[in-house]
Each structure stands twice: as C-alpha cells, then as structure tokens.
Amino acid sequence: MKIKSILKKLIKTILIQKKSLVKIKIRIQKNKNIKNGHYQLNNLFQISSLLKISLKKLTKKITKNMNLNKIIQKSVFSKPCFINIFLKINWIEKKVNKIFYTKKFNIKNKKNKKKIVVIDYSSPNMAKSMHVGHLRSTIIGDSTARIMEFIGYKVIRANHIGDFGNQFGMIIAYLKEIKKIKKIKKMSISKLEKIYCKAKKLNSQNQLFYKKTNKYTSKIQEKNKSCYKIWKYIVKLNLKKNEKIYKLLNITLKKKDIVGESFYQKMLPKITSDLIKKNIAVIKNKNIIIFLKNTKNRKGKKMGVIIKKNNGPFLYSAIDIACLKYRYKNLKANIILYYVDSRQKQHLSQVYQISKKAGYISNKLKVKHHIFGMMLSGKNRPFQTRSGNTIKLSKLLKESIIRAKNLILKKDKTINSKKLNTLSKIIGIGAIKYSDLSKNRITNYIFNWKNTLSFEGNTSLYIQYTYTRIQSILKNYKKNVLKLKKFFHISNNLETTLSIQILEFKETIYKASKKGQPHLICLYIYKLASNYSKFYEKYKILKEKNKNKKITRLKISFLTSKILKKGLNLLGIKVIKKM
Ligand code: ARG
C-alpha cells in the first residue's frame, strides 16, 4: 500500500485532463495530529499559481471531487493554505486486515525482477585490516542490497577489494630492503600492517624506493613467480580476517561476491589500446593519460587522468574503467551503486565520463555514487586513537560486545554464559550497526557509546525491547494468532495511527530503496515502536473483555512485531525473543 501515491494520483486526475501538458508536483504529507486529518496536501498555493486558478476555486474543485471518492471520508481546507484529508476508517481496516492474512509482505514489484543491480560496497584494501572507516560502506551497502532484493531486484553484490595496487609492491620492496622477505609467512597480520605503514612513508619520501615499489608492483602484475606468491599470501591472510568480521557483523557478502581489482587485470591492455585508438587517451612523457574537459587542478589548469604510469603498473582509474565496462557488458547491469567514500567522488565521475565517451556503457545505465559522511568522535574530530591512528573495526566491535555484556549482567546476574555470549553479540553488534544506519548517510555523525547502547530513543535496543514485549503478549495468548476471526475494527486514535503506519511499510521500503538510505527504515520502525508503546501502556490487550476489541489489538500487535522484525532484518540486525 502506498497511500501517499494513491492520494497524489487521485488529486492529479482531479486537476489535469488526460492529454494536458502541464506537469504538477503534488505534495502530500502526513499530519502530526490525526485529529486534523490523516494527511494533508500542502502545496496548494503553488498549484493554484501554476494552473492559474484562484485558491478558492481550486480548493472547491479538489475537496468536492475528493469527497466523492470511496477511500476518502472528507477533505477540508485549513488555514493558512492546506487541504486536510481524512481517510475512511473502514477502508483502513480492510487494508490492514488484508495484510494480516498475507503470508509474506507481498510487496515485491514484478517489474524489478528483470532489473539487475550491482552494488559495490565494503571493498577494503588488502594490505591492511579494516578500520572504522570501512563500517559505513559495509553496512549501508549491505542493507541496501537486502532492501533491493526484498522488493524484487536481482542484486549482485560486489566486494571490489583492493588487491592490485602498488601497496603490495611497497611491502615487497620494504621487506627486501630490511632483508626479511623470506620470513613473511611467520609474520602476523598486524606486523605486516606495520611494515606497510613504514613502506608507505618511505615511498612518499624516497625516489629510489618509489621506483622499486613500481618495479615490484609491475612484477606482481606480470605474475613473476616469487612476487606473485607473496602477493597471494598477503591477500589471503587479510581475506580470512575480513570474513570473520563479515560474519560477526551479519553481512551478506560471500566469497563469490569478491571480485577484486586484480580480476580486471587481463582486460587492461586491450582497453588501453582501444582508448588510444579512439583518441581518448594519449601518451605523454611515457604515461598514458586522458584529458577531460572539466578536469582541472587546484590552479585551474587542465589536468589529466593517468591510467598507466611510465613503464609502470596500471592505475586505479584504469581498473575502474574496465570494471564498469564489465559490469555493464558482462553482468548486464541496469543499475550500479557505489557505496564508496565521498573523497572518491571525482575519481568515480571521471571513470564514468571516460567509459561513456569510449562507448563502454550506454545512457540507459543508471550509475550512482552513494556518498557517505564520516564517523566522528566528540568535538567533530575523526574517530581515531589518541595518537591519531585509525581504530580497527574488529576492536570497535569487540568493545561493543563487552559493553553489551555488562549491560545484560546489570539486569540479570544469573544468566548462563552461553546465553550471555549469544545475547551480547546480537545486542552489541546490533547497536553499532543501528547507531550508524539510523543517521542520514550523507552527513558526518558523532559517535558516542551512551546513545548507541541506550534503551531510549531511536536505538536498536529500544526496537528490540519493544519486539520482545509484543512477543511475550503473543506467547501468553497461547493460541495461534493467525487463526483469529476475520474481524478488525479500530476503536481509538492510537489504533488508527498504528494501522496507518502498518500500511506505510511498503512506501517506506520503496523510498529507502530508491534513495539508498536505510535510515528511513530506522525512523519508520522507531516511530512505529514508540506509538506501539503508548498503545500498550494505555489499552488492555490480553485482558480486554470485549472480544472484538481484543482481536483487533492482537492483530495490531502481531503486525507491529512482524514489521519491526523485518525492518531490523533489512538493516542486518537480529531480534531477541526475550530480554
Ligand atoms: N578499495 C577502495 C578503498 O579502499 C575502495 C573501492 C571502491 N570501489 C571501486 N569500484 N572503486 O578506498
């Protein structure tokens, strides 16, 4: 059910004749207080000037026609310039009751089935472990994948791991420098990471070392036996560690979804010569370079995108061009979404422009870079250790689990350890994920433990807690709720509010999918849970003597819990039966 769309359509047919060329946008909003109407049309003034009809005439036309419609109880003008819309209660009741008896949510769109969406997310660098900066791409991308799959898209998850660049050349060069290359298999992952950091520093300072880095990077790319073996070893080590993190984080990425940079290697020579042939790329100072109209450096001078260095390795841009081509031509993508740090905005836009110029992708392909802000600590500082280093993702997750454990122990000292471990994982991981997913991805946000693990407000704990409350009602009912009589009648305003919210589940999911913004689901389930809590505190459910009222309230409870569970599931967060 998409109530807003139904109302918009209805008003459009009232206002515009079929063949009219006028395009108007109808703005429908939910009313804060349903006593004034369930929804409101709030751009009446704009419509009146667009159609050149007086406000009075327009209002009359809309309300008169709307009131004839079978789903509208009444619509009335309200000052300063709104039309308040009341839906017919029995229409709401009928629709909610119908949802109650449908097994799944039945919200798939058949048209989506033919659409292939590639979602590029997580995609960490293989020379070091994931840090907190990887959290956003990983969990927002994963949630979007779940959401789009849920409404019927064919989703291809793509973990575009960084397994090709000069970081491996740096590590090899450094290990050779300190004569420890033979000891590599005895090194821990954190030791290797330290080596990478030192190598990176040296690489930026020392021209000779920089040349060596390029030499070894090329050697890996040419599959030189010993270098290739070392490269493979480092990648495997990091993959193993990441796999554990994905499992803990309840991320749906599997081994088969890993299609890293190295996969595109074999396509690069052909693409490069094709770009040169098409006069898109040129050779300058032995670099292969592409000049784009709107690519300028800070001084406003024309700047090129280098895709291959002077006798050296192919660069990041070359790989992304090949990757985009592959996703369009081979995977047959209709939509490609990148959940990549906003700092790569220019890079991705250049890749897109070049690919289009070369005819590797068509105009029909939708490519979107879904940017996200940073996770900050207090005082708007990056979320780092005191010495300014990045915090490892595994460390953050561990801390959250420990904090959840302490929280549980505060409430229940007698809990057995197996249960404690399972619960603290669900709660701790859920809290971290929810605290991030509930923020609009576009902006930075400040992370703090107190809000993350709070039972109040827009948090996972609050939603999980509300869910357990409903579960205990349903359990105490002792009979199968699904066998309840066909009856459903609303008897108070809170029941109306909850019923409308239940009907809004579908439109929320579609909006979150369209914008790639899971926080819309968080906001929705949070409002649903908080209205349910008010309802729970105000009205009797199991103890209600009037049989019909009891049926209605049980159905509302059941549907609310079903939506809360599904909502959390789309965010990749688990529920708990008892808390
Ligand atoms: N590996 C890159 C990084 O860590 C992210 C890759 C994003 N995806 C892409 N197709 N470029 O910054």
Side-chain angles (χ1 to χ4, degrees), residues 117-142 144-145 155-171 193 196-197 200 217 220-221 231 234-235 238-239 241-242 245-246 251 253 257-265 267-268 271 305-307 313-331 333 335-356 360-361 365-375 382 390-393 441 516:
V117 191
V118 174
I119 308 182
D120 183 322
Y121 69 102
S122 196
S123 308
N125 185 340
M126 286 295 118
K128 52 185 182 180
S129 21
M130 285 204 265
H131 54 83
V132 290
H134 290 105
L135 183 70
R136 303 213 82 187
S137 166
T138 305
I139 65 177
I140 305 173
D142 199 56
T144 306
V155 172
I156 299 176
R157 291 163 171 78
N159 192 357
H160 187 88
I161 57 168
D163 62 356
F164 190 71
N166 63 359
Q167 61 267 48
F168 305 95
M170 274 181 217
I171 294 175
E193 204 171 329
Y196 170 55
C197 287
K200 205 169 159 185
T217 308
I220 298 169
Q221 297 186 359
W231 166 78
I234 302 173
V235 172
N238 277 290
L239 277 182
K241 189 169 179 202
N242 290 350
I245 294 182
Y246 290 148
I251 294 300
L253 282 171
D257 305 317
I258 298 171
V259 187
E261 294 172 357
S262 64
F263 174 82
Y264 304 97
Q265 182 186 353
M267 301 164 211
L268 300 179
I271 286 185
V305 182
I306 302 176
I307 58 172
F314 285 102
L315 300 190
Y316 191 50
S317 300
I319 298 162
D320 262 321
I321 295 167
C323 170
L324 186 52
K325 182 172 184 241
Y326 178 81
R327 285 172 180 172
Y328 178 67
K329 292 248 155 87
N330 298 56
L331 299 181
I335 302 171
I336 301 175
L337 304 178
Y338 290 90
Y339 281 90
V340 178
D341 196 310
S342 39
R343 283 170 291 190
Q344 295 192 29
K345 197 171 171 184
Q346 192 186 37
H347 158 72
L348 288 174
S349 137
Q350 289 166 347
V351 165
Y352 178 77
Q353 289 174 57
I354 295 167
S355 306
K356 215 154 142 211
Y360 297 158
I361 53 172
L365 174 70
K366 258 195 207 158
V367 180
K368 278 192 205 160
H369 179 192
H370 281 172
I371 56 164
F372 43 83
M374 279 198 300
M375 177 175 174
T390 52
I391 295 173
K392 289 199 177 145
L393 188 50
R441 67 170 159 78

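Atoms within each ligand, like the ligands themselves, are counted from 1 in listed order.
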Polar atom proximity, [X] to ligand 1 (N or O, under 3.5 Å):
| X | value |
| --- | --- |
| Q344 | yes |
| D120 | yes |
| Y316 | yes |
| D320 | yes |

* Asked: For atom 4 (O) of ligand 1, which protein heavy atom lies nearest, and how many Å away is it?
  -> S123 O, 3.6 Å
* Identify, for atom 7 (C) of ligand 1, the protein heavy atom at the shortest distance, and state residue, atom and that distance. => V340 CG2, 3.5 Å
* To do: Answer yes or no: does atom NZ of K241 have more than 12 heavy-atom neighbours from other residues, nucleotides or ligands under 6.0 Å?
  => yes
* Are more than 12 heavy atoms from other residues, nucleotides or ligands located less than 6.0 Å from atom NZ of K329? -> yes
* To do: Would you mind listing which atoms of ligand 1 come within a distance below 4.0 Å of any non-hydrogen atom of Y338?
  => 10 (N)
* Using ring pair (Phe, Tyr, Trp, His ring centres under 6.0 Å) as the criterion, list what pairs up with Y196, not counting sequence neighbours. => none
* To do: Taking ring pair (Phe, Tyr, Trp, His ring centres under 6.0 Å) as the test, write out the residues that go with Y264, two or more places apart.
  => H160, Y326
* **Donor-acceptor pair between Q221 and T217 side chains, under 3.5 angstrom** => no
* To do: Name the option, out of H160, M126, E261, that contains the heavy atom nearest to atom 9 (C) of ligand 1.
  => H160
* Could you tell me whether K392 and E193 have a side-chain N and a carboxylate O separated by less than 4.0 Å? => yes
